[in-house]
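To keep things clear, I will list the structure first and then write my remarks on it.
Convention: sequence-line order gives letters A, B, ...; per-chain numbering from 1. Only this structure's heavy atoms are used, side chains among them; waters, hydrogens and symmetry mates stay out.
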There are 2 protein chains.
Amino acid sequence: MKKPLRPAAKAVRPSALQAESLRQTRREHASETAEDYVEAIADLSASQGEARVVDLARRLGVTHVTVNRTLARLQREGFVSVQPYRAIFLTPTGLKLAEECQHRHRVVVAFLRSLGISEKIAEIDAEGIEHHVSPETLAALARHTHR
Amino acid sequence: MKKPLRPAAKAVRPSALQAESLRQTRREHASETAEDYVEAIADLSASQGEARVVDLARRLGVTHVTVNRTLARLQREGFVSVQPYRAIFLTPTGLKLAEECQHRHRVVVAFLRSLGISEKIAEIDAEGIEHHVSPETLAALARHTHR
DNA sequence: CTCAAAGTGTAGCCAAGGCTACATTGTGTA
DNA sequence: TACACAATGTAGCCTTGGCTACACTTTGAG
Ligand SMILES: [Mn+2]
Ligand SMILES: [Mn+2]
Ligand SMILES: [Mn+2]
Ligand SMILES: [Mn+2]
């Protein structure tokens, strides 16, 4: 033991809540890759007609090797359907997630823009923030976006 | 080649910007652990008088093993000073970072609260969002926080 | 039709950050 | 003071997600 006499100083943020918040953030990080991939696949499918490994690599800023391995995991988890040398398709589950992500992304960007943030910085910040916005906060952001 | 005739459909979000945003988000993730650790060490030092491995583990929601290995990295990177079986101290660099993080954390929480988000959800969301807020956005959030 | 180049796949490396199981050290209490 | 137990440290496992280097497949230009 180390501080048996100290009167258990009142915690500013109780450790339990703090720990739970950080656990939640880590959970969000775990789904973040999936979200960015399905969003990119949906965007590319819409604008290019199909999503290919090279397009994804360029768009995600990683090598095609990383894309390949990640797609294997996303297929295992049921978000995408991949066949060798073919274009990449979203499953119904993947499409649903993609649409949620596109929506969240748009809401966050619009909100930042309405605060006076430049297009470019809004895009950069949104790319990280979008994964950590709860439904409550998302609704509040939409509500407080001055068009 | 795969679509030589298609007129290179106008990209909604150009891949280059998209890729740069995602790279930035990944850079932020790399510093995220350091930020949460130094912030926790500063908080614990203030409220308890010192920061010990078990306290950090409880507060961060991980095992003491994870804390130990991470502290070794943070020491290597110059943020903390660790000696076996002793309390953990921030270096001047670490303390500066901790203060920035505490400030950013407070600004984000206050902003969310001012949007009507509950204390608990504000804490949870802020724990993730704080690492992806640029100086411009941080200033805008502070400016738009209705006290 | 051919074949070079683009696209795709894979082997194997690395670091971060989780974990369990077990060994070692420190210390307050009996 | 001894020693039980809390705290700390360490060995070794796993997954994710980066990478380079190299091999294989597809395809459109000539
Ligand atoms: Mn993103
Ligand atoms: Mn996005
Ligand atoms: Mn955080
Ligand atoms: Mn924080």
Side-chain angles (χ1 to χ4, degrees), chain A residues 1-6 15 19 22-38 40-41 44 48-77 79-89 128 131, chain B residues 1-6 15 19 22-37 40-41 44 48 50-77 79-89 128 131:
Chain A
M1 262 136 289
K2 60 180 193 298
K3 15 187 177 51
L5 300 178
R6 196 128 24 88
S15 281
L22 286 160
R23 266 189 266 256
Q24 176 63 28
T25 301
R26 287 195 293 272
R27 272 190 296 272
E28 287 158 358
H29 283 159
S31 35
E32 182 160 340
T33 305
E35 295 187 353
D36 286 334
Y37 271 68
V38 297
I41 293 167
L44 286 168
Q48 313 278 95
E50 60 181 21
R52 312 285 319 202
V53 171
V54 269
D55 303 324
L56 276 175
R58 184 166 30 243
R59 158 87 176 232
L60 297 167
V62 296
T63 64
H64 79 280
V65 183
T66 300
V67 170
N68 253 333
R69 203 178 5 61
T70 303
L71 286 176
R73 177 171 72 79
L74 294 184
Q75 166 144 275
R76 177 163 37 91
E77 294 174 354
F79 294 108
V80 304
S81 163
V82 185
Q83 284 170 295
Y85 297 98
R86 307 294 306 274
I88 296 135
F89 292 102
H131 309 283
Chain B
M1 258 135 295
K2 62 178 192 298
K3 14 183 175 55
L5 300 180
R6 195 124 28 86
S15 282
L22 285 159
R23 268 190 265 254
Q24 176 63 28
T25 301
R26 287 194 294 270
R27 272 190 296 273
E28 287 158 357
H29 282 160
S31 35
E32 182 159 340
T33 305
E35 296 187 352
D36 286 334
Y37 271 68
I41 293 167
L44 286 169
Q48 313 278 95
E50 61 181 21
R52 311 284 319 202
V53 171
V54 268
D55 303 324
L56 276 175
R58 183 167 29 245
R59 160 86 175 232
L60 297 167
V62 297
T63 65
H64 79 279
V65 183
T66 300
V67 170
N68 253 333
R69 203 182 359 62
T70 304
L71 286 175
R73 177 171 72 80
L74 295 184
Q75 166 144 274
R76 177 162 40 90
E77 293 173 355
F79 294 110
V80 305
S81 164
V82 185
Q83 283 171 296
Y85 296 98
R86 307 296 304 275
I88 297 135
F89 293 101
H131 309 284

Test side-chain contact (heavy atoms from CB on, under 4.5 Å) on A/H131 and A/D36; report intermediate values, then the result. CA-CA 9 Å; A/H131 309 283; A/D36 286 334; 3.1 Å; yes
Applying salt bridge (charged side-chain N to carboxylate O under 4.0 Å, His left out) to A/E50 and A/R52, what does each step give before you reach the verdict? CA-CA 7 Å; A/E50 60 181 21; A/R52 312 285 319 202; 3.6 Å; yes
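Interatomic distance, A/Y37 OH to A/T70 OG1, rounded to the nearest 0.5 Å: 3.5 Å. Here the CG-CG distance, from A/L44 to A/L60, works out to 8.0 Å after rounding to the nearest 0.5 Å.
Distance B/H29 NE2 to C/dG18 P: 12 Å, rounded to the nearest Å. Protein atom NE2 of B/H131 is 12 Å distant from nucleotide atom P of C/dG17, rounded to whole Å. Remark: P of C/dG18 and CG of B/L60 are 9 Å apart, rounded to the nearest angstrom. As a whole-Å value, the separation of A/E50 CD from D/dT27 C1' is 13 Å. One interatomic measurement links the two molecules: CZ of B/R52 to C1' of C/dT25, which rounds to 12 Å at whole-angstrom precision. Atom C1' of nucleotide D/dG18 and atom CD of B/Q24 are separated by 17 Å, given to the nearest angstrom. When the P atom of D/dC24 is taken as reference, atom CD of A/Q83 falls 22 Å away, rounded to whole Å. Following rounding to the nearest Å, A/Y37 (OH) and D/dT16 (P) show an atom-to-atom distance of 13 Å.
In this structure the side chain of B/T66 reaches within 4.5 angstrom of the side chain of B/T63, judged on heavy atoms.
Contact annotation: B/R76 reaches the phosphate of C/dA16 (side-chain N/O to OP1 or OP2, under 4.0 Å).
Between the side chain of A/R26 and the backbone N or O of B/G61, at least one donor-acceptor pair lies under 3.5 Å.
Residues that satisfy the side-chain hydrogen bond (donor to acceptor under 3.5 Å, both in side chains) test with A/E32, not counting sequence neighbours, are B/H29.
Both B/V62 and B/E77 lie close to DNA chain C; mapped to their nearest nucleotides by heavy-atom distance, the more 5′-ward contact belongs to B/E77. Remark on DNA chain D: of its neighbouring residues A/A30 and A/P84, the 5'-side contact belongs to A/A30, judged by nearest-heavy-atom nucleotide.
Comparing D/dT8, C/dG18, D/dC19 by their closest approach to the side chain of A/R26 singles out C/dG18. Distance from the side chain of B/T33 is smallest for C/dG17 among the nucleotides D/dT26, D/dC19, C/dG17.
Of the residues in residues 63-73 of chain A, those with a non-hydrogen atom less than 4.0 angstrom from any atom of DNA chain C are A/H64, A/V65, A/N68.
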